[in-house]
Amino acid sequence: MDPVLEMTSDTDTDETWENLIENFKPRLRELISVNRVLDYIDFMKPAQKEQIRQKARTDGDIAAADLLINVVITKPHNTGWFNVFVDALLNSGCVHAADYMQGNLPEPEVEAENDYCVLLIRLLSPSLVKMKTQEVCVHCLAQELINPEDSERITAEIRNNGSISGARELLSIIVRGRPGWFSKFLQILRETEHKHLYELTGGSPDCEKQDLYEGANTKSEKLPVSSDNDIVLRDYQEEVARPALEGKNIIICLPTGSGKTRVAVYITKKHLDGRRAEGQSGKVVVLVNKIPLVEQHYSAEFLPFLRSSYKVERVSGDSQLKISFTEIVKKNDVIICTAQILENYLERSNSGEDEGVNLSDLTLIVIDECHHTQKGGVYNHIMMRYLKQKHKNRRLMKEQKEPVPLPQILGLTASPGVGGATKMEKAEEHILRICANLDASKIMTRSLGEHKKEPRKITLTVEDRKADPFGDVIKKIMNAIHAHADLSPTCDLGSQNYEQWVVQKERIAATEENQKVRVCADHLRQYSEGLNLSNTIRMRDAFGFLKKYHEEELKRKTSPDDDQNIKITVTERFLFNLFEENKEELQRLADIPQYENDSLSKLRGKILQEFSSREEARGIIFTKTRRSAIALSQWIQENPKFADIGVKAAYVIGGGDQSVVKPMTSAEQKDVLKKFGNGDINLLIATTVAEEGLDIPACNFVIRYGLVTNEIAMIQAKGRGRAEDSSYTLVEVKNSGVVEKECVNEYRTKMMDKAIDKIRALNQADYDKRIIEFQFQAIMEEKVRMTKKKQKDMNENPSEVKFSCRGCSKHVCTGEDIQIIENMHRVNVTTQFSELFIRRENAALQERLLDYETNELIACKDCGQKWGSMMVHRGIECPCLHVKNFVVTFNGKKISKCTKWSELAVRFSAFDYAEHANRVVDSSDDEETA
């Protein structure tokens with residue numbers, strides 16, 4: 001071990017080791033074998049080790065390594081802790097990770113080549129796992145790619161779970177090795193007569209021995225062009241692709257299920273082939289707006305058709321590949337990613353803060369679901385950079401200077417929509433603006449003729465309940481609350497107008513510090529939701545929702561340590577008692593089947609009909625909220641009639657955390673969609689997350705259950721039914737207005753088709769003139785917006801912002817007390833603030849693969865109002881505030897609506913980690929002295 005590691009472990013040295021580990025954390029998390037390292041670490045508590053092992057079991061080694069590293073660098077430290085950590089890495093066989101800790105760093109070019117080889121193995125893993133694992137394992141042991149303990153684990157895995165599982169274990173071990181492992185592994189594949197795998201991985205049959213990494217084929221020009229996966233297009237697909245093959249920017253508008261993505265793959269291949277033939281390199285980025293689409297486009301479309309000739313990679317916010325996106329762009333020919341990642345790296349390059357990506361680095365950008373290229377969207381941010389550079393290039397050419405190269409643009413959509421237009425002129429304008437934003441020279445569409453699949457459309461209307469005693473009790477409670485708070489609604493209880501009215505009352509009351517009305521409005525909103533739920537799902541689910549809400553509210557009024565009296569106001573006591581008085585009656589009525597809503601009855605009949613009349617039914621039910629998706633799935637699973645005819649249901653909901661319902665992780669979404677694709681699940685209950693883009697080819701019926709949004713969503717939902725003889729059913733739900741909205745959408749769809757035809761009929765000169773006008777308008781609007789933003793930024797002053805508790809109006813802090821971490825998390829680490837809140841367990845804990853984690857909620861000490869969460873940032877606890885839980889006063893004026901920090905034009909000071917860490921250390925030293 002390096003002599004420097006033998007230094008005494010004092011505070012300064014500890015901080016040095018912590019910084020070292022922190023700096024190499026992205027490397028360590030890829031190189032550490034968690035369970036084995038834990039065996040050699042003696043300074044961790046058993047409970048901590050078990051938590052990390054559990055993390056490895058549920059979320060994998062990388063997530064567990066994150067947690068392990070966080071625990072290792074968390075203060076206070078035992079004497080010699082760093083030496084123990086390094087020894088654990090060495091003893092567990094993680095020698096490459098230990099090299100980084102001991103200062104034995106590879107040369108940058110060697111490190112980069114090694115990263116590429118790791119990526120190559122991961123990319124080819126589906127083929128490599130078919131190796132003769134036991135034979136390869138013996139050779140790897142002889143070549144010291146693995147040690148005897150590794151060999152035993154791989155052999156045990158083969159014995160218990162088969163050769164493929166053993167191969168996965170083998171590959172995961174060798175890629176953690178020191179640089180140089182790849183050429184050895186390549187030679188082993190040759191020696192063990194895995195000719196196909198040897199050549200697939202880059203080996204040459206004519207070469208007896210290769211230099212280190214030579215087999216990686218890092219230059220795409222060396223890869224052979226294969227005709228095995230030639231892409232065959234239908235006539236209509238070839239026609240819409242033609243202008244793009246000539247290098248023009250276009251939008252392809254084809255219905256869902258008509259092969260837009262396949263056309264994009266074809267155009268991508270021809271683009272890269274053409275540049276290669278001219279001796280130039282090509283670089284294609286495929287942008288999507290949802291994480292599941294990254295894997296779908298990669299696995300189902302781009303990789304199968306392009307991997308024999310080009311290097312294809314995918315990256316998303318969920319991706320485990322944590323090397324720089326810039327490097328991934330450099331090393332690959334086709335990159336499929338979420339749009340936000342590209343935007344982030346374009347901004348990095350623009351600001352000069354870090355190595356980023358330039359538009360000039362790319363030769364083709366494919367934009368999936370391109371109708372989102374409108375104001376405020378991430379697609380539009382990217383294209384605004386493009387348009388600005390395009391118009392700068394015109395000026396450069398006039399000055400006889402070299403223009404900056406820009407990529408070709410290909411937009412894909414099933415429907416550009418009409419943007420809420422009611423007149424043809426406005427519909428045309430909406431579509432032309434999208435064309436202008438994408439710099440499209442044409443919008444290409446085509447009748448599918450014999451290939452068109454139009455599902456049968458059915459509308460099921462519902463009858464009002466003859467009696468609704470459950471709803472009547474809820475309305476009785478709501479009217480009692482109206483009387484208590486002197487409120488007089490002018491619209492039907494439970495309607496959309498009522499929902500808007502009650503939200504407005506809550507905001508006004510909060511800014512006026514009228515806690516009586518505010519808390520009543522909050523409860524009324526929940527009862528209104530309960531009424532809507534009883535019209536959509538079972539009454540027992542609606543009752544369960546109301547019961548859980550009241551239990552959570554009562555819990556909020558209880559101190560976790562019983563040493564703090566949280567005030568319960570007269571109004572709060574009235575509201576709690578009101579629910580308690582009616583709880584038994586609501587529960588009794590919820591279990592009487594004859595009072596259930598007619599929508600559920602119609603849905604039950606439709607599902608039974610589809611599964612009884614089809615040989616192999618597979619369908620999707622779209623519903624409005626996450627809560628209704630989960631409840632409908634549960635209702636189907638609990639009903640034996642559905643099980644008898646083979647219904648296997650599951651739900652898929654969004655991954656964002658805006659809702660009070662726990663979101664699905666992308667891994668969970670992928671798992672459900674995979675099971676739906678292979679038939680393990682045959683009925684999917686989904687929110688709008690599954691409407692757009694997700695490829696579900698074998699679906700033969702679609703039901704929209706009380707959900708209608710716009711004409712784009714309607715077209716996409718219909719397009720989910722891709723099988724022959726598919727059906728599209730609309731089930732009405734009380735107060736949803738779906739039948740009327742569907743009629744409007746049908747009208748808008750016809751108007752959109754006519755508008756596209758009119759635009760396509762324009763002569764090119766007139767079209768180009770309108771496009772340029774819209775582009776100049778967009779650029780000018782962007783300049784005005786940026787100017788206003790700069791003026792706001794110049795005038796902002798954190799001291800002018802004050803925050804008070806939404807629950808009791810108590811002053812909490814000013815903007816000067818708040819600091820910002822990673823330009824995202826607003827924290828208050830002042831001593832005064834720490835005395836104002838209590839901590840509660842966070843029941844909906846969500847671990848994230850970042851250098852922080854939330855583990856507790858923070859709430860007002862006086863009234864129990866939630867304020868935010870407790871973050872652990874690089875080993876330090878930081879109270880993180882959620883602005884929606886406060887009433888904000890700015891320049892002496894109260895802001896009635898402030899639900900996101902982005903709505904508050906204030907620049908808070910950056911979090912000073914070193915200063916705060918120093919305070920924490922001093923404080924702990926004082927405690928030890930005392």
Side-chain angles (χ1 to χ4, degrees), residues 116 119 123 218-221 223 225-226 229-231 233 237 240-241 243-252 259-289 293-316 319 321 325-343 345-346 349 356-370 373 379 382-383 385-386 404-412 438-440 693:
Y116 175 76
L119 281 175
L123 183 69
T218 56
K219 303 282 187 222
S220 64
E221 290 77 23
L223 289 165
V225 177
S226 168
N229 285 324
D230 280 349
I231 304 165
L233 297 185
Q237 292 173 321
V240 297
L245 300 177
E246 297 166 4
K248 293 175 182 173
N249 294 352
I250 64 166
I251 294 171
I252 292 177
K260 288 185 299 298
T261 311
R262 187 64 51 83
V263 176
V265 177
Y266 181 79
I267 292 168
T268 297
K269 188 173 188 305
K270 293 297 182 185
H271 172 85
L272 292 170
D273 288 349
R275 292 188 68 87
R276 179 180 284 179
E278 294 169 2
Q280 297 176 303
S281 63
K283 193 74 64 179
V284 181
V285 169
V286 182
L287 300 179
V288 299
N289 62 335
L293 293 176
V294 174
E295 185 63 37
Q296 177 182 298
H297 284 352
Y298 172 78
S299 302
E301 296 287 351
F302 285 88
L303 185 66
F305 289 102
L306 301 179
R307 67 178 159 198
S308 62
S309 305
Y310 299 102
K311 295 197 284 289
V312 185
E313 187 52 271
R314 80 289 207 196
V315 188
S316 72
S319 177
L321 302 175
F325 179 69
T326 308
E327 289 302 308
I328 290 172
V329 170
K330 285 178 183 176
K331 290 178 179 294
N332 292 279
D333 304 301
V334 181
I335 303 94
I336 301 143
C337 66
T338 42
Q340 190 62 55
I341 288 177
L342 178 61
E343 168 61 13
Y345 276 80
L346 289 171
S349 178
V357 173
N358 296 305
L359 285 172
S360 57
D361 298 331
L362 313 176
T363 58
L364 171 64
I365 299 178
V366 180
I367 302 181
D368 192 34
E369 309 295 351
C370 70
T373 313
Y379 284 164
I382 292 168
M383 286 308 301
R385 297 177 189 277
Y386 178 102
V404 175
L406 285 171
Q408 182 183 348
I409 304 295
L410 173 63
L412 307 175
L438 288 158
D439 196 38

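Proximity of Ile252 to Ile267: side-chain heavy atoms (C-beta onward) are separated by under 4.5 Å at one or more points. For the pair Val329/Leu362, a side-chain contact is recorded, criterion being any heavy-atom separation below 4.5 Å from C-beta on. Under the 4.5 Å side-chain criterion, counting only non-hydrogen atoms from C-beta, Cys370 is in contact with Ile251. Side-chain atoms of Val286 and Cys337, non-hydrogen and from C-beta on, never get closer than 4.5 Å to each other. Taking 4.5 Å as the limit, some side-chain heavy atom of Val288 sits within range of a side-chain heavy atom of Thr338. Looking at Arg385 and Glu343, their side chains come closer than 4.5 Å, going by heavy atoms from C-beta outward.
To the nearest 0.5 Å, atoms CG (Leu412) and CD1 (Ile250) are separated by 8.5 Å. A distance of 4.5 Å separates CG of Leu342 from CD1 of Ile382, quoted to the nearest 0.5 Å. Between atom NZ of residue Lys311 and atom CD1 of residue Ile335 there is a gap of 10.0 Å, rounded to the nearest 0.5 Å. Distance CD1/Ile336 to CD1/Ile341: 12.0 Å, rounded to 0.5 Å. Within the model, atoms CG of Asp333 and OG1 of Thr268 stand 11.0 Å from one another, a figure rounded to the nearest 0.5 Å. In this structure, OG1 in Thr373 is found 5.0 Å from CD1 in Ile367, a value given to the nearest 0.5 Å.
A donor-acceptor contact shorter than 3.5 Å is absent between the side chain of Glu301 and the backbone of Val265. No side-chain donor-acceptor contact under 3.5 Å links Gln408 to the backbone of Ile365. The main-chain N or O of Asp273 is found under 3.5 Å from a side-chain atom of Tyr310 such that the two form a donor-acceptor pair. Listed for the Thr363 side chain is a donor-acceptor partner under 3.5 Å among the backbone atoms of Lys283.
Side-chain N/O atoms of Asn249 and Tyr386 include a donor and acceptor closer than 3.5 Å. A donor and an acceptor atom, one from each side chain of Asp368 and Tyr379, are nowhere located under 3.5 Å apart.
Contact between Ala241 and Val263 at its shortest, heavy atoms only, is CB-CG1, 3.7 Å. When all heavy atoms of Phe302 and Val334 are compared, the closest pair comes out as CD2-CG1, 4.2 Å. Taking every heavy atom of both residues into account, Asp439 and Met383 meet most closely at N-CE, 4.4 Å. Between Val240 and Gln237, the shortest heavy-atom contact is CG2-O, 3.2 Å. Here the closest non-hydrogen pair linking Val357 and Ser349 is O-CB, 3.4 Å. Of all heavy-atom pairs spanning Ala264 and Val366, the tightest one is CB-CG1, 4.1 Å.
A salt bridge links Glu327 with Lys330; the closest basic N to acidic carboxylate O contact falls under 4.0 Å.
Residues passing the side-chain hydrogen bond (donor to acceptor under 3.5 Å, both in side chains) test with Ser299, sequence neighbours excluded: Glu295.
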